[in-house]
Colleague: 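Let me give you the structure first, and then I'll get to my questions.
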Amino acid sequence: MSAIDRRPPVPRYAHGSRVPGWDEAVDLEKAPATVPDPALTPVPQQLREAIEAEMAKYPDRRSASIPALHIAQRHHGWCSPEAITQVACVMRLTPAYLTSVASFYDMFYLQPKAAHEVYVCTNITCSLLGADELYERMCQAAEGHDITVRGFECLGACDIAPMASVDGEYVGPLNLDDPALIVEDVEAGRPVLEHKQLRRRAVADAKGRVENFDGLAPVGQEGN
Amino acid sequence: MPHLLFDRIDEPGLNTIPVYERRGGYSALRSALAMPPEAIIEEIKQSAIRGRGGAGFQMGQKASFLPKGEMAKYLVCNADESEPGTFKDRELMQKCPHALIEGIIITTYATGIHRAFIYIRGEYQLQADILDQAVAEARAAGLLGENILGSGHSLELVVHRGAGAYICGEETGLLDSLEGKRGNPRLKPPFPAIEGLYAGPTLVNNVETLSTVPTIINMGGAEYAKIGTQGSTGTKLISVSGDVQRPGNYEIELGTPSREIIYGLCGGPRDGRSVKMWFPGGSSSPVLLESDLDLAYDFDTLAKAGSMLGSGAIIVVDDSHSALEVMQKVVKFYAHESCGKCVPCREGTNWTLKMIERIEAGEATPMDLDILASAQSQIIGHCLCVLGDAMAMPVGSIVEKFRDELAEEIEAARERANSLTYATA
Ligand SMILES: Cc1cc2nc3c(=O)[nH]c(=O)nc-3n(C[C@H](O)[C@H](O)[C@H](O)COP(=O)(O)O)c2cc1C
Ligand code: FES
């Protein structure tokens with residue numbers, strides 16, 4: 001047995017909460033970016049219109065920050081510096097402000113991501129039912145494919161635990177063979193695991209059900 | 001017991017106005033618009049309905065704290081639903097979005113509010129799409145916008161998608177997030193009812209609370225209050241998950257014995273396993289034991305038993321899992337979700353996680369359990385919002401109730417670690 005088998009000691013200092021980058025050095029020489037000049041910042045027409053439509057929904061345009069970042073992320077694939085600058089230009093905000101917002105929320109990427117993403121829930125209920133192993137399996141299955149896999153906090157679907165959200169589609173309960181099938185479906189551009197989609201499940205409460213519902217039975221009630 | 005929210009909720013098309021109206025939908029709105037606003041608040045007060053989002057504050061009382069008269073006031077529906085174990089709002093919004101919209105219109109009419117927002121967690125993409133469609137449908141039918149059904153009341157309703165942060169379920173964190181900022185909670189007071197969104201008076205209520213409003217108007221508040229117990233009126237949607245055979249959402253009358261829920265409705269743990277512990281109200285609630293299964297499931301009984309009803313999410317853990325495993329998962333979540341604004345929570349959650357990792361790594365001694373427990377009592381009541389408490393309460397209860405098991409675990413981990421060290425020496 002080698003010394004490597006012993007677990008490394010728990011580090012004294014680390015940070016887990018929502019302040020990513022707290023220990024990254026900043027470039028103090030660089031001039032702070034101001035609100036981008038519209039004349040010098042080309043913004044795709046479609047992106048501009050979508051962001052402006054969001055801004056119009058709120059009494060204060062800044063409320064559209066999150067919707068606008070969602071739109072820009074969809075357009076550019078991630079919240080790249082270019083994407084942030086374009087949003088800042090349309091919303092008349094500084095890139096720093098939008099970066100501070102984007103870095104707070106788990107769904108925004110300040111690093112490039114793959115075209116597809118799988119969130120595997122690894123929170124309490126899912127992990128009681130085997131999510132940690134599922135997550136490993138998912139990571140292995142996705143290797144070499146254009147898919148980002150992330151362990152995620154409770155996705156609000158513990159009734160189908162262990163579960164995952166594949167490009168927003170909730171599927172579960174998953175077994176260890178499912179990751180390979182998910183990758184196949186994603187690669188083929190098909191709906192993911194149709195026989196396990198949450199959108200098709202009946203409610204567990206018997207009085208909630210109707211005869212003409214043609215979906216899936218609730219978990220554990222397949223017989224009735 | 002009547003099913004008020006879940007009654008045949010699977011009916012295809014219930015998410016559209018024609019089916020919803022055929023089943024009596026929007027009739028409460030029509031009656032409400034013929035009543036004086038104060039009378040509606042009075043009905044809600046009489047129903048004594050307590051908030052379904054976690055804190056359990058009486059809705060009628062909260063609505064009456066809003067200043068009267070014309071001013072920029074807001075209603076925000078909390079659809080962030082990210083308390084681990086909770087998934088009831090998801091089912092409501094997906095299958096019966098118009099009950100929520102109707103509840104919102106009635107509540108805004110009663111409180112003189114003309115702008116409302118539904119803040120839905122970003123991960124609920126299907127549910128947000130369904131809400132968007134339902135809102136558009138309601139607007140086309142004259143149920144939203146100017147002069148609703150000729151009543152003179154007008155309302156703009158916007159569905160706002162979040163982007164993944166548990167703290168945005170906390171009402172003031174939610175308001176900051178809705179204002180387009182990082183979702184950091186605010187110092188209270190002032191409470192949102194006085195100074196909330198854009199510094200205007202704001203009523204924040206959970207999806208289930210607002211979806212119940214039409215039922216209260218249809219039944220009458222006094223009649224609604226006859227369901228459930230005196231301090232916990234009405235029915236409640238509960239999300240049951242974990243080691244049970246039939247997990248899912250159920251509607252129960254408040255005061256139902258917990259055993260009847262976990263064993264009767266959900267079939268109890270799988271083959272030959274027994275209940276080791278259960279969270280009665282999401283992962284933030286102090287854990288209860290098998291011996292607590294006869295407690296009535298209502299706000300007051302669970303509070304008296306040292307726990308809470310919270311969001312109505314029951315997580316059952318059977319005897320195949322260790323207390324340490326459960327504790328670690330819970331703590332990891334809160335450490336990840338702490339927003340970092342206040343020290344007891346930011347440091348407390350992260351240090352607690354490290355202490356638990358030390359147990360696993362064989363670096364802890366049984367004495368550390370005392371430190372772990374005392375750290376929790378330093379967190380409770382000392383944070384800006386109750387996220388810190390939400391970790392400290394379950395952790396404190398697990399250390400208290402499973403102390404012997406944890407002490408054994410610590411010894412075993414030490415021995416494991418030592419034998420590895422000797423083997424390499
Ligand atoms: C950390 C934290 C997270 C919360 N998450 C939610 C949530 O996801 N949904 C919700 O309705 N309430 C949540 N709450 C409770 C809200 O702050 C607030 O009390 C509730 O939305 C009020 O609505 P109600 O009176 O209808 O229950 C949370 C509270 C805290 C402290
Ligand atoms: S714990 Fe996985 S969805 Fe809730």
Side-chain angles (χ1 to χ4, degrees), chain A residues 1-3 5-7 9-11 14-19 57-60 62-67 69-70 100-101 104-108 119 123-125 127-129 153-159 161 165 168-170 198-199 202-205 207-210 212-213 215 218-221, chain B residues 3 6-12 81-82 84-87 90-91 122-126 158 161-166 178-183 198 241-243 245-251 267 283 315 317 321 329-330 333 335-336 338-340 346 350 354 357-358 361 363 417 420-421 423-424:
Chain A
M1 230 178 255
S2 73
D5 287 335
R6 185 157 183 204
R7 302 178 62 134
V10 177
H15 219 304
S17 59
R18 297 181 169 275
V19 278
K57 290 185 186 170
Y58 304 90
D60 178 343
R62 269 195 304 180
S63 282
S65 303
I66 292 176
L69 287 167
H70 274 305
S100 85
V101 173
F104 189 83
Y105 299 94
D106 284 341
M107 291 175 76
F108 294 133
Y119 302 157
N123 207 307
I124 177 93
T125 295
S127 75
L128 288 174
L129 301 175
E153 300 303 355
C154 178
L155 286 159
C158 330
D159 44 347
S165 165
E169 186 75 56
Y170 279 27
L198 177 76
R199 67 166 78 219
V203 66
D205 195 318
K207 287 208 182 138
R209 272 175 274 142
V210 289
N212 57 345
F213 182 82
V219 175
Q221 302 191 42
Chain B
H3 267 50
F6 268 179
D7 181 34
R8 292 171 295 132
I9 194 170
D10 273 341
E11 177 155 357
E81 190 157 73
S82 21
T86 316
F87 44 88
R90 180 201 81 206
E91 194 117 44
E123 295 90 340
Y124 279 177
Q125 298 183 18
L126 169 68
V158 170
R161 294 161 203 234
Y166 168 63
L178 186 49
E179 288 179 2
K181 306 175 186 155
R182 296 165 66 90
Y198 311 124
S241 69
D243 295 315
Q245 299 186 42
R246 294 189 290 275
N249 283 316
Y250 295 87
E251 181 165 2
S283 71
I315 307 168
V317 181
H321 301 284
K329 275 289 167 187
V330 169
F333 169 73
H336 174 252
S338 173
C339 79
R346 181 184 65 221
N350 282 287
K354 265 183 261 175
E357 283 172 351
R358 280 167 54 104
E363 293 178 45
L420 285 178
T421 321
T424 53

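Any value given below was found using the heavy atoms of this structure, including those in side chains, with hydrogens, waters and symmetry copies removed.
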Colleague: At a heavy-atom separation under 4.5 Å, does A/Y58 approach chain B through its side chain, its backbone, both, or neither?
Modeller: both

Colleague: Could you give the distance from OH (B/Y166) to CG (A/D106), rounded to the nearest 0.5 Å?
Modeller: 14.0 Å

Colleague: Under 4.5 Å heavy-atom distance to chain B, tell me which part of A/A161 shows up: side chain, backbone, both or neither.
Modeller: neither

Colleague: Measure distances from B/Q245 to the heavy atoms of chain A and classify the residue's part below 4.5 Å as side chain, backbone, both or neither.
Modeller: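 For B/Q245, the backbone is the part near chain A, not the side chain.
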
Colleague: Do A/V219 and B/P247 have side chains that approach each other closer than 4.5 Å (heavy atoms only, starting at C-beta)?
Modeller: yes

Colleague: Quick one: are A/D205 and B/N249 in side-chain contact, heavy atoms under 4.5 Å?
Modeller: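 A/D205 vs B/N249: side chains apart.
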
Colleague: Check step by step if side-chain contact (heavy atoms from CB on, under 4.5 Å) holds for A/I124 and B/F333.
Modeller: CA-CA 9 Å; A/I124 177 93; B/F333 169 73; over 6 Å; no

Colleague: Quick check on A/L155 against chain B: is it the side chain, the backbone, both or neither that has a heavy atom closer than 4.5 Å?
Modeller: both

Colleague: So do B/P84 and A/T125 actually touch side chain to side chain, heavy atoms under 4.5 Å?
Modeller: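 Counting from C-beta outward, A/T125 and B/P84 never come under 4.5 Å.
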
Colleague: Under a 4.5 Å cutoff for heavy-atom pairs, which residue among A/A64, A/P218, A/G156 has the most contacts with chain B?
Modeller: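 Sorted descending by pairs with chain B, the first entry is A/G156.
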
Colleague: With a 4.5 angstrom heavy-atom cut-off, could you sort out which part of A/L128 is near chain B: side chain, backbone, both or neither?
Modeller: both

Colleague: Could you look at A/S165 and say if it's the side chain, the backbone, both or neither that has a heavy atom under 4.5 Å from chain B?
Modeller: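 Looking at A/S165, nothing touches chain B.
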
Colleague: Check whether any side-chain heavy atom of A/N123 lies under 4.5 Å from a side-chain heavy atom of B/K329, and answer yes or no.
Modeller: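 No. Closest side-chain heavy atoms not under 4.5 Å.
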
Colleague: Please state whether the side chain, the backbone, both or neither of A/L198 comes within less than 4.5 Å of a heavy atom of chain B.
Modeller: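 A/L198 touches chain B through backbone and side-chain heavy atoms alike.
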
Colleague: Measure the shortest side-chain to side-chain distance between A/L129 and B/D243 over non-hydrogen atoms and say whether it is less than 4.5 angstrom.
Modeller: yes

Colleague: Quick one: which of A/K207, A/R62, A/H70 has the most heavy-atom pairs under 4.5 Å with chain B, could you say?
Modeller: A/K207

Colleague: When you compare the side chain of B/R8 with that of A/R209, does any pair of heavy atoms fall below 4.5 Å?
Modeller: no

Colleague: Using a 4.5 Å cut-off on heavy atoms from C-beta on, say whether the side chain of A/V203 contacts that of B/F6.
Modeller: yes

Colleague: Top residue by heavy-atom pair count (under 4.5 Å) with chain A, among B/E179, B/E11, B/Q125?
Modeller: B/E179

Colleague: Please report the interatomic distance CD1(A/I66) to CZ(B/R182), rounded to the nearest 0.5 Å.
Modeller: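 If we round to the nearest 0.5 Å, A/I66:CD1 and B/R182:CZ are 11.0 Å apart.
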
Colleague: Is chain A contacted by the side chain of B/R90, its backbone, both, or neither, given a heavy-atom distance below 4.5 Å?
Modeller: side chain

Colleague: Closest heavy-atom contact between B/A165 and A/Y105?
Modeller: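 Closest pair (atom of B/A165, atom of A/Y105, distance): CB-CD2, 3.8 Å.
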
Colleague: Based on non-hydrogen pairs under 4.5 Å, which of A/G215, A/S65, A/A202 is most in contact with chain B?
Modeller: A/A202

Colleague: Looking only at non-hydrogen atoms, find the nearest pair between A/V101 and B/G180 and report the distance.
Modeller: CG2-O, 3.5 Å

Colleague: Report which part of B/Y250 has an atom under 4.5 Å of a heavy atom belonging to chain A: side chain, backbone, both, or neither.
Modeller: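 It is both, since atoms from each part get that close.
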
Colleague: Side-chain contact, heavy-atom cut-off 4.5 Å: A/S63 with B/Y198?
Modeller: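 Heavy-atom side-chain distance check passes, below 4.5 Å.
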
Colleague: I'd like to know whether B/K181 forms a side-chain contact (heavy atoms from CB on, under 4.5 Å) with A/F104, so could you lay out the CA-CA distance, the side-chain angles of the two residues, the decisive distance to 0.1 Å, and finally the verdict.
Modeller: CA-CA 9 Å; B/K181 306 175 186 155; A/F104 189 83; over 6 Å; no

Colleague: Taking every heavy-atom pair that is under 4.5 Å apart, which of A/E169, A/K57, A/E153 has the most such pairs with chain B?
Modeller: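 Between A/E169, A/K57, A/E153, the count favours A/E153.
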
